[in-house]
Amino acid sequence: HGVSSGDSINPQQSSLRQLMMNVKPILQLIVKCTRDAGLHTCAPLQQIQKLTRLRVIDNSELGKSAMLEGRPPKCIHIYSKIRFGYTGDKVLVAIKGQKKKAILTGCHQNQKPLMPKFDSNNIVLIDDNGSPLGTRILFPIPTMLRHKLVEMSRPKGADYTKILAIATRFV
């Protein structure tokens, strides 16, 4: 007859097109609601940045009580020229309503060669002169951290080598 294949409309295509027209506004509404609620829709980053939850691995009272309450410390500043923290960097954390300094001793991100990758983002709490708040480190720390902490120590300033002295195991 006089009907070509381009003029006919398949009933399945018509119902699919109708369905897509109904779904599109719903998806736009979902995206708007998640954006307004402050939820992220992108993949998580594998780096230490602000508001990253950390795990205290020393036996300090402040660290133990925060971890037992289920309120781990959060990173609020990274003492580095770049926005991201790596193993051995000094960070400022918010823990139980206080601000404390800490050293990153293990990161859950892809690391440089000879630097181990950990299951969690580990820190050791320190005071202003670089002394650790705890007396023991309960988890292994990377051997490569020795060089970085020795370089960071200053003769009349902070002495980060005390962290190495209280460590029980190295990886």
Would you check if the side chain of T87 reaches a backbone N or O of T105 as a donor-acceptor pair within less than 3.5 Å? no

If you compare all heavy atoms of [X] against all heavy atoms of [Y], which two are closest, and at what distance to 0.1 Å?
{"X": "L145", "Y": "G88", "result": "CD1-CA, 3.3 Å"}
{"X": "L104", "Y": "Y86", "result": "CD1-O, 3.4 Å"}
{"X": "A167", "Y": "I137", "result": "CA-CB, 4.0 Å"}

Among residues at least two apart in sequence or on other chains, which ones pass side chain to side chain contact (heavy atoms under 4.5 Å, CB included) with L138?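 N59, R136.
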
If we check side-chain contact (heavy atoms from CB on, under 4.5 Å) with V56, which of these qualifies: L133, L125, V124?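 Single pass found, and it is L125.
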
Out of the candidates K100, K162, K90, only one should pair with I126 under the side-chain contact (heavy atoms from CB on, under 4.5 Å) rule; please name it. K90

Let me see the working for I163 and D58 under side-chain contact (heavy atoms from CB on, under 4.5 Å), right down to the final yes or no. CA-CA 10 Å; I163 294 173; D58 61 3; over 6 Å; no

Interatomic distance, I48 atom CD1 to F84 atom CZ [nearest 0.5 angstrom]: 11.0 Å

Could you go through residues 63-79 and list every donor-acceptor pair under 3.5 Å that involves a side-chain atom there, pairing it with any protein atom two or more places apart or in another chain?
from, atom 1, to, atom 2, distance (Å)
S65, OG, E61, O, 3.1
S65, OG, L62, O, 3.1
S65, OG, K96, NZ, 3.3
E69, OE2, K96, NZ, 3.3

Do the side chains of I141 and I57 get nearer than 4.5 Å, heavy atoms only?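 Yes, side chains in contact.
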
Below 4.5 Å, heavy atoms only, C-beta onward: do I123 and N121 meet side chain to side chain? no

